[in-house]
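Some notes on the structure that comes next.
The figures here come from the full heavy-atom set of this structure, side chains too, leaving out hydrogens, waters and symmetry mates. None of the values given here were measured: they were computed from a predicted structure.
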Amino acid sequence: MEHLEFDIAGWAGVNPARDHVLVGVVGSGNLEVMIERAELAGRCAVAIDTSIHGFAPTWRRVVEDFLARHRLGDVRVSINDGGATPAVVGLRLDQAAAEYTGGVR
Amino acid sequence: MRPARHSYYEATARRRLAGLLDEGSFREYCPPTMRLTSPHLPALGVPVAFDDGVAVGEGRVQGRPVLVAAQEGGFMGGAVGEVHGAKITGLLERALDVRPDGVVLLLDTGGVRLHEANAGLIAMGEIQRAVLAVRHAGVSVIAAIGGRNGCYGGMSMVARSCDRIVMSEEGRLSISGPEVIETVEGIEEFDSQDRALVWRTMGGKHRRLLGEADALVPDDIGAFRTAIAGFLDRPRPITLDALMAEQARLAARLERFAGCRDGVEVWERLGVAEPKRVPDLGIDAFNALLPSPAEAAE
């Protein structure tokens, strides 16, 4: 297991539809993503527990890109990863953002 | 036009809850934001889940108050660890205070989470004790089985301790799983790769014909909801007399079906016409073999 934490500058402007969302299931090749509204002076706190070691720089870039694309700020993003492939990670993150912002039910 | 169906088998625990409960009525206890995760898995290098693989809470089914637990079969096969078990036990104990129209357990599990063996085993006993306490208080406990993992191990005993069981054909219910039986007794005894055999001996139709399941429904969340709603606030007596009668019934059953090697032989002795055709029957044709769930429940 590897535990990663990132503190990343956030974006202003998104009004969340809910206080928190949870998508995905922790299984082999799958992951769960939880986004919670948090008072972080606009910043984003990211915590990742992953069964795959050695991908901290990749995770950081993936999460930075994700937060920028969805213009998220004042959020806590928490991930439990069971070794998901990059495509699954991207889909789950987008799914979580869509539910958090009310873009998709 | 065919009405939309939402597969129960394919759905996650939370999707099942959304389909079972009246819209917006679910209030989760110990939600994932509380991060009540397993204290055992990190030491083994295994990822945790924020809800430890089960969502519990209160909601409404067709306007009637229920307490509900939904196991997530995708997380460690729905297996019961310490926190997971404590959430289900706590939910059941709450039913003693709030007396809902029913406690609904959506089971999708291989049984005890072996990574947490002792804690999981203790949890199993606690859950079963709590189920019986809730029933003793006159509150209905209803199990639903129709997920990928079926319902095995200690949780199969919990299921059979409930007032009612609703199953789909896809559901399976047994103490030992196919692989366990094959490992312990040999492939001559049970070929776990023979899917048809697995369903003939553990599947929803077999359990319904034996009277262990109280309703067999299509693989559709709405069908589960309808059947569960029909069993709300209809507790079975849990008196010493009722338990003795059940014990006698099971002993007689063991004798009646002694020597049967396959579900088909059991169905034949039950007097089912053309027993070999049972696996191919659609739900309506299958249920026509039986008294309706409502009649059978009397």
Who among B/Gly45, B/Pro42, B/Ala49 has the most heavy-atom pairs with chain A under 4.5 Å?
B/Ala49
Counting a contact as any heavy-atom pair under 4.5 Å apart, which residues of residues 39-54 of chain A contact chain B?
A/Ser51
Side chain, backbone, both or neither: which part of A/Val25 has an atom under 4.5 Å from a heavy atom of chain B?
side chain
Counting C-beta onward and ignoring hydrogens, is there a side-chain heavy-atom pair between B/Pro47 and A/Met1 closer than 4.5 Å?
yes
Within 6.0 angstrom of A/Asp7 CG, more than 12 heavy atoms from elsewhere
yes
Which region of B/Thr33, side chain (C-beta onward) or backbone (N, CA, C, O), has a non-hydrogen atom less than 4.5 Å from a non-hydrogen atom of chain A, or is it both or neither?
both
Roughly how far, to the nearest 0.5 Å, is the CD atom of A/Glu36 from the CZ atom of B/Arg35?
4.0 Å
Which of residues 61-87 of chain A get closer than 4.5 angstrom to chain B, counting heavy atoms alone?
A/Arg76, A/Ser78, A/Ile79, A/Asn80, A/Asp81, A/Gly82
Would you indicate whether B/Phe26, at its atom CZ, is surrounded by more than 12 heavy atoms from other residues, nucleotides or ligands within a distance under 6.0 Å?
yes
